[in-house]
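The structure appears right after this line, and notes come after that.
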Protein chains: 2
Amino acid sequence: MIRLLLADDQALVRGALAALLDLEPDLSVVAQVGRGDEVVDAARDARADVALLDVEMPGMDGIAATAALTGQVPGCRSLIVTTFGRPGYLRRALDAGASGFVVKDTPAEQLADAVRRVHQGLRVVDPELAVATLAVGESPLTEREREVLTLAERGGTVAQIARDAYLSEGTVRNYLSAAIGKTGARTRAEAVRLARENGWL
Amino acid sequence: MIRLLLADDQALVRGALAALLDLEPDLSVVAQVGRGDEVVDAARDARADVALLDVEMPGMDGIAATAALTGQVPGCRSLIVTTFGRPGYLRRALDAGASGFVVKDTPAEQLADAVRRVHQGLRVVDPELAVATLAVGESPLTEREREVLTLAERGGTVAQIARDAYLSEGTVRNYLSAAIGKTGARTRAEAVRLARENGWL
DNA sequence: GGCCCGGCATGACAACTGTCACGTCCTTGC
DNA sequence: GCAAGGACGTGACAGTTGTCATGCCGGGCC
C-alpha cells in the first residue's frame with residue numbers, strides 16, 4: 001500500500017484528488033495540507049511514501065517544499081502536480097529533488113500510474129514540457145533583476161518600485177532595462193509577462 | 001438520482017471531481033467535457049440535471065456556456081465552480097442564469113450539498129463573494145475601454161495596441177487614460193491588474 | 001595582482017505615456 | 001428635434017520610461 005500526502009491550496013481540488021486516488025486499491029491518502037510550510041511535518045507524521053505537491057501555495061511554494069522534503073524526510077518522494085507547465089518550474093523542481101512533474105491537464109487515469117512509478121524510484125516528466133524546458137534554458141536574470149521585475153508586476157511606477165526595493169530610481173531603471181533586454185521584450189510589462197510564462201519569477 | 005455534467009479544461013481536475021461526486025449515492029456524472037462550446041450538446045445528449053462549469057475554458061467560457069444552457073436546455077441548471085472568486089464573474093454568471101457559484105477553495109464535503117441545492121432550485125452563492133460583489137459594483141468600463149485594456153495586457157506599446165485594435169494612437173491613449181481613471185489606477189499596468197482582479201475583462 | 005562580474009549609482013537624452021481641451025460622427029431616448 | 005453619451009479623432013504638454021555612458025565598490029578566480 002502506497003501512502004500519499006496531498007498538498008494543494010484549493011480544498012476542493014485536494015479533496016477531489018483524494019477521492020480519485022483512494023479508488024485505487026494500492027493507494028491510500030494519509031494526509032492532506034493546504035499550505036507549503038505544513039508539508040514536512042505532515043509527511044513525517046503520516047509516514048508518507050509519495051507527496052503530491054502543487055507549486056502555487058501559501059506559506060511556501062511546492063518547489064521549496066520539495067527541497068525541504070528531500071532533505072528532511074528521505075523516505076518520501078515528491079511528485080509535482082501543477083496547473084502551469086512553466087519551463088522554469090520543471091527545472092527548479094528537478095534541481096530541488098522532485099521525482100516527477102505532471103500538469104493538471106493530463107488525463108486522470110494517468111495520475112495513479114505516475115504515482116506508482118515515482119514510488120518505484122522512476123522519474124516521471126511530461127515529455128512536451130521537458131522539450132520546452134531545454135528550449136527555454138535557464139533564467140538569464142540576476143537575483144536583483146528578478147526582484148525588481150517581481151515588484152514591477154503590481155504595475156507601479158519606477159519611483160514606487162525604488163521605494164519598495166530600497167534602491168535609487170536610476171538603479172531600478174537600469175535593472176528593468178537589463179531585464180527587458182534579456183527577455184527580448186520591448187516594454188517592462190512585456191518583460192514581466194515573458195518572465196512569468198517561463199517560470200523565471 | 002441527479003445526473004451531472006462536468007466542464008473543466010484541466011482533465012485531472014475534471015476526473016478527480018467525477019470521482020468525488022460519484023461517491024455520493026444520489027449523484028451520477030453522466031458527461032464530461034473540456035471545452036465550453038461542447039457543453040450544450042453534451043448536456044442535451046446526456047440529459048444532465050446539473051452542469052458544473054469552470055469559468056476559464058477554451059472555446060467558450062463558462063459564463064457564456066451558462067447563458068447557452070439556460071436558453072437551449074431548460075431542464076439543466078448551472079453551477080459555476082471556479083478558481084477565481086472575482087466579483088465580476090459572479091455578477092455575470094447570475095445574469096446569465098447560473099443557479100450557483102462556488103470557488104475551488106471551499107471544502108470538498110460541501111460540493112455535493114451545493115449540487116443538491118441547485119438541483120432543488122435553490123441558489124447557492126459564496127456569501128463572502130456576494131459581499132465583495134456588492135462592494136465592487138458593476139464594471140465601469142465601456143466596451144472599447146475593455147477591449148483596449150485586454151490588448152494592453154500583453155505589454156505592447158500604444159502603437160501596437162492601436163494596430164491591433166485598428167484605432168489611432170491618440171484614441172488608444174484616450175481609452176487607456178479613461179480606464180486608468182475609472183479603475184483608480186495610476187499606470188496602465190495597474191489598471192489592467194485591477195480590472196482583471198475585479199473580473200471586468 | 002589583475003580581470004571579470006554583479007550590485008549600486010548618477011546624469012543626460014530620445015522616446016513614450018498620460019492628460020486635457022476640443023471637435024466630429026452616430027445612436028438612443030424623451 | 002434635440003440632448004446625452006459613446007466611439008473616434010487631433011494636437012499639445014508635462015511627466016515617465018528606456019537606453020547609454022560612466023563611475024565606484026566588493027568578491028571570485030587564475
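A note on names: the letters A, B, ... follow the listed sequences, proteins ahead of strands, and every chain is numbered from 1.
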| field | Over 12 foreign heavy atoms within 6.0 Å of CZ, A/Arg117 | value | no
| request: Under the side chain to side chain donor-acceptor pair (under 3.5 Å) rule, collect the residues that match up with B/Thr106, sequence neighbours excluded. | output: none
| message | For residues 160-177 of chain A, which residue pairs pass the salt bridge (Lys or Arg N to Asp or Glu O under 4.0 Å) check, not counting sequence neighbours? | response | A/Arg154-A/Asp164
| field | By side chain to side chain donor-acceptor pair (under 3.5 Å) - contacts of B/Glu143 (at least two apart) | value | B/Arg146
| Can you tell which of C/dA12, C/dG18, C/dA9 lies closest to the side chain of A/Thr171? | C/dA9
Compile the donor-acceptor pairs under 3.5 Å between side chains in residues 87-101 of chain B and protein atoms, sequence neighbours left out, one pair per line.
{"from": "B/Tyr89", "atom 1": "OH", "to": "B/Glu56", "atom 2": "OE2", "distance (Å)": "2.8"}
{"from": "B/Tyr89", "atom 1": "OH", "to": "B/Arg86", "atom 2": "NH1", "distance (Å)": "3.4"}
{"from": "B/Arg91", "atom 1": "NH2", "to": "B/Thr133", "atom 2": "O", "distance (Å)": "3.4"}
{"from": "B/Arg92", "atom 1": "NH1", "to": "B/Gly199", "atom 2": "O", "distance (Å)": "2.7"}

| field | Atom-pair distance (CZ on A/Arg173; C1' on D/dC20), nearest Å | value | 12 Å
| query | With sequence neighbours excluded, what pairs up with A/Arg123 under the side chain to side chain donor-acceptor pair (under 3.5 Å) test? | reply | none
| Heavy atom of residues 176-201 of chain B under 4.0 Å from DNA chain D: which residues? | none
| Considering the terminal five base pairs at each end of the helix from C/dG1-D/dC30 to C/dC30-D/dG1, what angle separates the two local helix axes, rounded to 10°? | 40°
| note | The side chain to side chain donor-acceptor pair (under 3.5 Å) partners of A/Arg186 (sequence neighbours excluded) come to none
| said: Checking the side chain of A/Arg3 only, and the main-chain atoms of A/Ala46 only, is there a donor and an acceptor separated by less than 3.5 Å? | reply: yes
| field | DNA chain D-proximal residues of residues 142-169 of chain A, any heavy atom under 4.0 Å | value | A/Thr157, A/Val158
| message | When you measure from the side chain of A/Glu145 to the backbone of A/Thr142, do you find a donor-acceptor pair of N or O atoms at a distance under 3.5 Å? | response | yes
| request: For residues 4-22 of chain B, pull every pair meeting salt bridge (Lys or Arg N to Asp or Glu O under 4.0 Å), keeping only residues two or more places apart or in separate chains. | output: B/Asp8-B/Lys104
| Is the closest basic N to carboxylate O distance between B/Arg196 and B/Glu153 below 4.0 Å? | yes
| query | If you look only at pairs with a residue in residues 26-43 of chain A, which of them pass as a salt bridge (Lys or Arg N to Asp or Glu O under 4.0 Å), with sequence neighbours excluded? | reply | A/Asp26-A/Arg116, A/Arg35-A/Asp37, A/Asp41-A/Arg44
| query | Can any side-chain N or O of B/Glu197 pair as donor or acceptor with the backbone N or O of B/Leu194 at less than 3.5 Å? | reply | no
Every protein N/O within reach of nucleotides 21-24 of chain C N/O, cut-off under 3.5 Å:
none

